Amino acid sequence: LLVLVVIGFYSMKHAWVVLGCVPVLGMLSLLMRPFVLQRFAAMHKANESFSSAVAEGVHKIATIKSLGLESLWQRRWLAAHEALLDKSWEARTTSAVEDAAFRIVHRVVLVAVLWVGATEVLGGVISFGQFVASYMFSLRVLGPSTRIFQVVLEHQRMKSALGHVDALMAERVEPFGSQQPLAVDGLSIDLQSVTFTHACATKPALRDVNLRVESRSMVAIVGPSGSG
């Protein structure tokens, strides 16, 4: 405020131009905020999906190899990674557009200040020295004002990221193994005409299998090595 008073001492038009920059930057920040937060939220979601796919694959690597699902999981990882790259690119592009918009507003205001000052100097309203002093003080206001609104948006992005971390930490921990034995009395497993082919195989591993496993019974299924 003190700097604006000093600018007004040299030129009231300069002071009004610089003061008018503040609500413009505020409106720009409010307009950009939902787009920026939406893009970064999508990026964090894609990152969670990719990390989950990798962690699940590593945890189940023995099962994946035994079932011959390497190619299927590789496609899943690649799809998740591509989605993460796409969302990251969208978020970074939005952030770059935001920075460019602030720089454009900053330069437009500087051009307006120069134009108003040149007009007043040519009209004899102020001297050239007063114009230079007013312009230098204008820079003292415009630079920090622009940076303040940029920091506000950066704070919103960090808040969004921390919100995703908090939500992840608040998830219930999945129990490892069963805490209590399952009540299996009276239950059975029935397979009726089951045929199954691995994702990377041409011949079915199971063909028209019929099987019934009663509760509390033990069944062993054997086959040649590599049969899965």
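Note that the structure is predicted; figures quoted are calculated from it, not measured.
Closest approach of T197 to T202, counting heavy atoms only: CG2-C, 4.5 Å. Here the closest heavy-atom approach between residue L84 and residue A46 is recorded as CA-CB, 3.8 Å.
A91 pairs by the side-chain contact (heavy atoms from CB on, under 4.5 Å) definition with R39, F40, M43, not counting sequence neighbours. E82 is linked by a salt bridge (Lys or Arg N to Asp or Glu O under 4.0 Å) to nothing, counting only residues two or more places apart in sequence or in another chain. Among residues two or more places apart in sequence or in another chain, the salt bridge (Lys or Arg N to Asp or Glu O under 4.0 Å) test is passed with R212 by D190, E214.
The distance from atom OG of S88 to atom NE2 of H81, rounded to the nearest 0.5 Å, is 8.5 Å. Between L85 atom CG and N47 atom CG the span is 10.5 Å, to the nearest 0.5 Å. The structure places CD of E98 at 10.0 Å from CZ of R103, a figure rounded to the nearest 0.5 Å. A distance of 7.5 Å separates OG in S95 from CD in E154, rounded to the nearest 0.5 Å.
Side chains of N210 and S193 form a contact here, defined as non-hydrogen atoms less than 4.5 Å apart.
Within a 6.0 Å radius of CD1 in I189, no more than 12 heavy atoms belonging to other residues, nucleotides or ligands are found.
In this structure, V105 is not a member of the same hydrophobic cluster as V111, with clusters built from ILVMFWY side-chain heavy atoms closer than 4.5 Å. L31 and F35 end up in different hydrophobic clusters when Ile, Leu, Val, Met, Phe, Trp and Tyr side chains are linked at under 4.5 Å. L110 and W115 fall within the same hydrophobic cluster, where Ile, Leu, Val, Met, Phe, Trp and Tyr residues are linked whenever their side-chain heavy atoms come under 4.5 Å apart, directly or through other members. M27 and V108 sit in two unconnected hydrophobic clusters of ILVMFWY residues. Membership requires side-chain heavy atoms under 4.5 Å apart, directly or through other members.
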Report task. Evaluate the side chain to side chain contact (heavy atoms under 4.5 Å, CB included) criterion for residues L206 and L191: first the C-alpha distance (whole Å), next the side-chain angles of each, then the deciding distance (0.1 Å), finally the verdict. Result -> CA-CA 11 Å; L206 299 177; L191 303 181; 5.8 Å; no

